[in-house]
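In what follows, a structure is listed as structure tokens, so that the remarks can point back to it.
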Amino acid sequence: MTRTDAPKTDTHCPYCALQCAMSIADGVVSPREFPTNRGGLCQKGWTSAELLTSPARLTTPLVRRDGELRPAAWDEALDVVAAKLRALRAEHGPDSVGVFGGGGLTNEKSYLLGKFARVALGTSQIDYNGRFCMSSAAAAGLRAFGLDRGLPFPVADLDRADAVLLVGGNPAETMPPFVQHLRGARLVVVDPRRTATAELATLHLQPAPGTDLALALGLLHSVVADGHLDEEYLAERTTGFDEAWRIAATWWPERVERVTGVPVADQRAAVRLLAEAENAVVLTGRGTEQHAGGTDTVSAWINLALSLGLPGRRYSGYGCLTGQGNGQGGREHGQKADQLPGYRKIDDPAAREHVKGVWGVDDLPGPGRSAYELLDALGQPGGPRALLVFGSNVVVSAPHSRHVADRLAALDLLVVADLVLSETAAVADVVLPVTQWAEESGTMTNLEGRVLLRQRAVAPPEGVRGDLDVLQGLATRLGQPAERFPTEPEVVFEELRRASAGGPADYSGVTYRRLRDGEALHWPVAAGGPAEPGTIGRGTPRVFLDRFAHPDGLARFVPVEHRGPAEPPDAEYPLQATTGRVLQHYQSGAQTRLVAELNAAEPEAYVEVHPDTATRAGLAHGDRAAVVSRRGRTLARVRCVPSMRVDVVFLPFHYAGEGRANLLTNPALDPTSRMPEFKVCAVRLETV
Ligand SMILES: Nc1nc2c(c(=O)[nH]1)N[C@H]1C(S)=C(S)[C@@H](COP(=O)(O)OP(=O)(O)OC[C@H]3O[C@@H](n4cnc5c(=O)[nH]c(N)nc54)[C@H](O)[C@@H]3O)O[C@H]1N2
Ligand SMILES: Nc1nc2c(c(=O)[nH]1)N[C@H]1C(S)=C(S)[C@@H](COP(=O)(O)OP(=O)(O)OC[C@H]3O[C@@H](n4cnc5c(=O)[nH]c(N)nc54)[C@H](O)[C@@H]3O)O[C@H]1N2
Ligand code: SF4
Ligand SMILES: [Mo]
């Protein structure tokens with residue numbers, strides 16, 4: 001068969017939450033027309049098929065013997081794991097085993113992983129990497145609106161916006177095809193760096209990292225002072241403005257300029273641009289969210305959007321740009337420490353009864369530790385002694401990564417299921433090789449809450465099993481009936497529909513068949529209840545048009561105050577480091593560092609520095625530098641960037657070994673979301 005007449009399977013990209021539509025034929029991907037990507041793909045999408053056949057793929061389980069990972073048969077590897085888990089549970093109780101999931105897993109995997117933890121292991125100790133990603137925006141969205149759906153409207157609605165305030169997001173690199181939806185709007189970008197996205201903006205505000213909350217308070221101040229407050233909307237759709245205003249009233253634009261570095265005139269211009277637009281949207285990304293005050297910061301941006309009357313109005317609103325492929329669905333179906341399927345709360349008695357009924361069990365554990373707290377507790381008294389990791393590479397991506405590596409080393413058992421030998425898999429006791437996107441079917445929920453079906457398009461390499469098979473293999477060895485842990489994705493999805501029915505993220509009306517037919521199904525999609533037999537819900541592209549999800553239907557202003565970075569710069573560590581992404585690499589880089597074209601484009605760790613700051617440290621463009629914080633030292637190539645603030649350096653976090661940006665980062669946690677402060681810590685530069 002030639003390439004052109006090879007059968008084409010429609011699917012979606014394996015990487016980010018835009019979930020660009022593509023087809024795959026004969027191992028080659030081509031973009032597909034779809035409302036989010038409109039036929040576009042980024043370089044990662046174009047090259048995504050390379051890893052399917054890469055020699056770096058794991059194709060046999062590995063078990064550590066005499067200090068070395070050695071090939072083993074599947075039965076042997078699963079037996080080793082199950083025996084150790086049984087022994088730990090018998091001696092130390094069910095919470096001695098922890099589970100760490102990922103927002104790249106399909107809905108089916110996330111769901112079954114949560115069920116596996118609570119039912120087969122009986123542990124409360126499960127959380128996932130979305131805690132490092134979406135959690136602050138999720139917590140703030142819940143507080144304000146009573147519901148967390150990243151974008152409460154379809155991406156294509158952005159085409160109708162006349163003004164967009166984009167805070168701490170760099171989609172020109174992190175979601176390139178998304179940028180076409182911003183072309184018609186006047187764009188205000190808030191980012192300490194002059195990014196590729198900032199280059200597209202009408203106005204770029206360049207605050208010091210960790211001062212966004214002060215900036216948002218200042219903009220709210222200008223809304224009121226300059227007469228832009230939408231009082232009618234406030235009265236009809238919101239509550240709590242007065243308390244929020246009491247704090248913002250003290251943030252005069254001049255005071256805000258002193259704290260953030262953003263000129264008064266720019267603050268007022270940004271507000272004017274939003275207030276004068278017919279349709280305006282406020283969007284947040286990780287830059288403003290990944291802070292020890294991230295939840296309050298997002299609340300401050302939502303307060304601003306509410307003061308202008310945007311959320312819940314057609315073609316206007318607030319949204320957060322979800323990051324991982326299934327960052328949205330992955331936070332709904334129960335791999336989170338405090339949550340059960342359907343975005344139910346694990347401490348809600350009615351939610352527990354419903355899920356116990358679906359699972360056929362008498363009891364469920366309660367809430368567990370959040371991601372960093374879980375990693376920090378490993379091997380400590382009272383903490384887990386075994387950890388099972390599905391879909392995360394914490395040795396590279398967790399904050400204070402030297403400490404995290406030490407905690408992993410203190411475990412009695414580390415099990416990693418992965419497609420490649422990630423840095424975390426490399427230190428595991430047992431490594432289980434699994435299938436990836438095009439080799440399996442499953443659903444993903446994209447950044448606009450739309451459920452998508454990724455269909456199996458190619459056969460997996462021999463020796464590899466699906467995550468669902470792995471979970472069943474372990475569950476049955478722990479004494480569970482096989483039917484309780486199905487391996488067929490559609491069967492798991494049918495159970496997920498029932499488990500989510502009636503919850504905030506209700507998928508009960510979604511079926512594989514409807515998805516195959518190309519229906520646009522944004523959750524909630526309720527199945528027709530007993531009152532309407534045979535009917536099925538049509539999905540909810542815009543969730544807040546009529547009312548918000550709080551019982552009274554109103555959105556809440558939340559009074560928040562600026563605190564600033566947990567670790568301010570001082571004489572010893574005079575600079576602020578912030579971290580983020582570059583187009584060619586994805587996350588910990590476990591996958592993209594193995595794709596030749598991507599790795600050739602960005603082969604090594606680097607640090608962006610203002611030329612004067614470099615000179616002062618005795619460094620020049622192209623030198624190797626050490627970036628040093630209280631927690632560690634990262635080696636990176638100096639890139640002199642004249643548009644950088646002189647007090648800030650930037651490192652991408654995609655690199656391994658001594659190039660890990662997370663050797664530096666501060667694990668100070670947000671009190672509500674438990675998000676670590678990835679986006680600011682105090683550092684100095686040294687020559688090497
Ligand atoms: N190429 C690529 N694309 C990706 C990913 C990837 O790893 N690589 N990952 C996906 C995932 S999981 C996610 S979560 C998204 C993330 O997508 P983004 O949020 O767009 O990505 P980041 O680069 O982490 O952060 C965005 C910007 O925040 C800025 N920033 C740093 N500190 C501050 C601050 O204090 N305030 C403000 N306002 N801005 C600040 C940084 O300079 C950076 O340009 O990307 C998704 N897409
Ligand atoms: N300093 C700093 N650190 C950060 C951030 C930052 O901005 N700055 N961002 C944070 C954010 S937003 C995120 S989302 C995290 C992400 O960081 P990680 O959680 O490390 O994410 P990935 O690198 O995507 O890791 C996914 C791993 O799972 C494997 N994998 C992929 N698909 C599957 C599958 O279906 N099953 C299984 N079993 N394995 C699979 C991949 O090969 C890879 O090894 O990093 C966080 N860390
Ligand atoms: S933007 Fe995201 S989903 Fe689209 S091709 Fe790139 S990585 Fe894939
Ligand atoms: Mo993320």
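As the structure is a prediction and not an experimental result, all values here were calculated from the model. Atoms within each ligand, like the ligands themselves, are counted from 1 in listed order.
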Measure from [atom] to every heavy atom in [options] and give the option owning the shortest one.
atom	options	value
atom 35 (O) of ligand 1	C42, A216, P192, G210	G210
atom 6 (C) of ligand 2	F653, Y586, Y128	F653
atom 11 (C) of ligand 1	A208, G104, G168, G323	G323
atom 27 (C) of ligand 2	A590, S392, G103	S392

For ligand 1, indicate whether the residue [X] contacts it via side chain, backbone, both or neither (heavy-atom separation under 4.0 Å).
X	result
M134	neither
L583	backbone
H291	side chain
T322	neither
P209	both

Students should be able to answer this: which protein heavy-atom is nearest to [atom], and at what distance?
atom	answer
atom 2 (C) of ligand 2	F678 CD2, 3.3 Å
atom 44 (O) of ligand 2	D418 OD2, 2.5 Å
atom 31 (C) of ligand 1	T578 OG1, 3.0 Å
atom 22 (P) of ligand 1	R581 NH1, 3.7 Å
atom 8 (N) of ligand 1	H585 O, 2.6 Å
atom 12 (S) of ligand 1	Q587 NE2, 3.1 Å
atom 33 (C) of ligand 2	L419 CD2, 3.8 Å
atom 14 (S) of ligand 1	R286 NH1, 3.0 Å

Subset of ligand 1 atoms that lie under 4.0 Å from at least one heavy atom of [X]:
X	value
T174	3 (N), 4 (C), 17 (O), 18 (P), 20 (O), 21 (O), 45 (O), 46 (C), 47 (N)
D212	34 (C), 35 (O), 36 (N), 37 (C), 38 (N)
G285	19 (O)
G580	23 (O), 24 (O)
C133	14 (S)

Atoms of ligand 2, numbered as shown, that sit under 4.0 Å from any heavy atom of [X]:
X	result
S422	44 (O)
N393	18 (P), 19 (O), 20 (O), 25 (O)
K679	6 (C), 7 (O)

How about CD on E658, more than 12 heavy atoms from neighbouring residues, nucleotides or ligands closer than 6.0 Å, or not?
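No - once you tally the heavy atoms of other residues, nucleotides and ligands closer than 6.0 Å, there are 12 at most.
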Say whether [X], considering both its backbone and side-chain N or O atoms, lies within less than 3.5 Å of an N or O atom on ligand 2.
X	result
Q290	yes
D467	yes
T665	no
A417	yes
T435	no

Under a 3.5 Å cutoff, is there a donor and acceptor pairing between the side chains of R194 and H204?
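Yes, H204 and R194 have a side-chain donor paired with an acceptor closer than 3.5 Å.
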With a 3.5 Å cut-off and no angle check, do the side chains of S370 and E373 form a donor-acceptor pair?
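Yes.
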Answer side chain, backbone, both or neither: which part of N662 comes under 4.0 Å from ligand 2, heavy atoms only.
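Contact part for N662 vs ligand 2: side chain (C-beta onward).
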Of the side chain and backbone of V420, name the one, both, or neither that has a heavy atom under 4.0 Å from an atom of ligand 2.
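V420 to ligand 2: side-chain contact only, backbone stays beyond 4.0 Å.
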For ligand 2, is V396 a contact, meaning one of its heavy atoms is under 4.0 Å away?
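No, V396 has no heavy atoms under 4.0 Å from ligand 2.
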For E289 and ligand 1, answer yes if some heavy atom of the residue is under 4.0 Å from a ligand atom, otherwise no.
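No, that is not the case, since the closest heavy atom of the residue is not under 4.0 Å from the ligand.
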Establish, yes or no, whether a centroid distance under 6.0 Å links the rings of Y372 and H400.
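Centroid distance Y372-H400: not below 6.0 Å, so no.
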Given V560, L215, L213, L283, the one that forms side-chain contact (heavy atoms from CB on, under 4.5 Å) with W301:
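Among the candidates, only L215 passes.
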